[in-house]
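In this chain, numbering begins with 1 at the start of the sequence shown. When a ligand or atom number is given, it counts from 1 through the structure's own listing order. Note: hydrogens, waters and symmetry copies are ignored here, and every other heavy atom, side chains too, is used.
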Amino acid sequence: MERYSAEKIKQLLKLYFIMGSNNSKLSPEEVLTQALKGGITIFQYREKGENALSGKEKMELGKRLQQLCKEFSVPFIVNDDIDLALELDADGVHIGQDDETAEAVRAKIGAKILGVSAHSLEEVELAVRAGADYVGIGPIYHTNTKKDAKEVRGTALITDVRRQDVTIPIVGIGGITAANAAPVFHAGGDGVAVISEISGANQPYANTQSLLNALNIEA
Ligand SMILES: Cc1ncsc1CCOP(=O)(O)O
Ligand SMILES: C=C1C=NC(C)=NC1=N
Ligand SMILES: [Mg+2]
């Protein structure tokens, strides 16, 4: 299997839904089904934080969510847990600065998608050199979802990265809604990643459609 092209990654990043069992109002399966029907372009299973599942339960839920993604041909990404990603044969992984190095993870996952969180120009450049397929930059806006989120920076870092002619695909994350998503693209981002705007919604399908409309993307 060969690596995804940057062009393909940019298309996949457009509407990036992220969820774990402790983010969802409705059942995780129901939320993801509605989000997939609503047109998300990539999904990340992020089982983390208070009351997060572990072990067999975590793996079983991951398998169920992966199956839903397969039915919609949407890539299934696992956050942090490289072993789980390999066990499920996920389409990729996302790691933060406090996880294994991107080089070490790339060696384990081969041509699967590798995403890295970055909070500075230097961290972006390190991720590029390590062979990451995309970087996640945020928090763009205030978020209550990640307790230990870094400083809210708006789209400033995205702008800085593009000013340096660094072309790696970028997804913005943190407090993103249909109302505030567009600036991420204006700054040079290729997509927006959301947790609560969809997972915490009473109508995940409707919220997903609203996000897509705000990005002027056909469903
Ligand atoms: C995982 C993560 N990384 C930076 S902010 C954040 C949480 C995003 O959640 P929400 O979309 O609900 O603000
Ligand atoms: C922290 C994160 C930043 N960006 C993405 C895409 N996922 C994450 N878990
Ligand atoms: Mg992590």
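Atom 5 (C) of ligand 2 has His94 CE1, 3.3 Å as its closest protein atom, hydrogens excluded (heavy atom only). If you check which protein heavy atom lies closest to atom 9 (N) of ligand 2, you get Gln44 OE1, 3.0 Å.
Each of the following atoms of ligand 2 lies closer than 4.0 Å to a heavy atom of Val171: 6 (C). Ligand-side atoms of ligand 2 in range of Asn79: 9 (N), range being under 4.0 angstrom from any heavy atom.
Of the listed residues (Ser117, Gly136, Ala118, Ala193), the one carrying the non-hydrogen atom nearest atom 2 (C) of ligand 2 is Ser117.
For the Mg ion (ligand 3), the set of nearby N, O or S atoms under 2.8 Å includes one belonging to Asp99.
Donor-acceptor pairing under 3.5 Å is recorded for the side chains of Glu47 and Ser21. The closest side-chain donor-acceptor pair between Glu7 and Gln11, if any, does not fall under 3.5 angstrom. For the 3.5 Å distance criterion, the side chains of Gln44 and Tyr16 qualify, holding a donor opposite an acceptor.
For the side-chain contact (heavy atoms from CB on, under 4.5 Å) test with Ile137, the passing option among Thr155, Leu157, Ile173 is Leu157; the others fail.
Heavy atoms only, all atoms of each residue included: His94 and Ile77 are closest at N-CG2, 3.8 Å. Scanning all heavy atoms of the two residues, the minimum distance from Leu65 to Leu32 falls at O-CD2, 3.5 Å.
Note on Asp80 versus Lys48: salt bridge recorded, some NZ/NE/NH1/NH2 to OD/OE distance being below 4.0 Å. Comment: Asp89 engages Lys112 in a salt bridge, judged by a side-chain N to carboxylate O separation of less than 4.0 angstrom. Residues Glu100 and Lys108 are paired through a salt bridge, judged by an N-O separation under 4.0 Å between the basic side chain and the carboxylate.
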Passes side chain to side chain contact (heavy atoms under 4.5 Å, CB included), Val93 versus Leu114? Steps please. CA-CA 5 Å; Val93 299; Leu114 173 57; 3.7 Å; yes
Could you pull out every N or O of ligand 1 that sits under 3.5 Å from a protein N or O, with the distance for each pair?
unit_1, atom_1, unit_2, atom_2, d
ligand 1, 11 (O), Ile195, N, 2.9
ligand 1, 12 (O), Thr145, OG1, 2.5
ligand 1, 12 (O), Ser196, N, 2.9
ligand 1, 12 (O), Ser196, OG, 2.5
ligand 1, 13 (O), Thr143, OG1, 2.7
ligand 1, 13 (O), Gly175, N, 2.7

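Within Asp80, the N, O or S atom lying nearest to the Mg ion (ligand 3) carries the name OD1.
Every N/O-N/O distance between Lys146 and ligand 2 stays at or above 3.5 Å.
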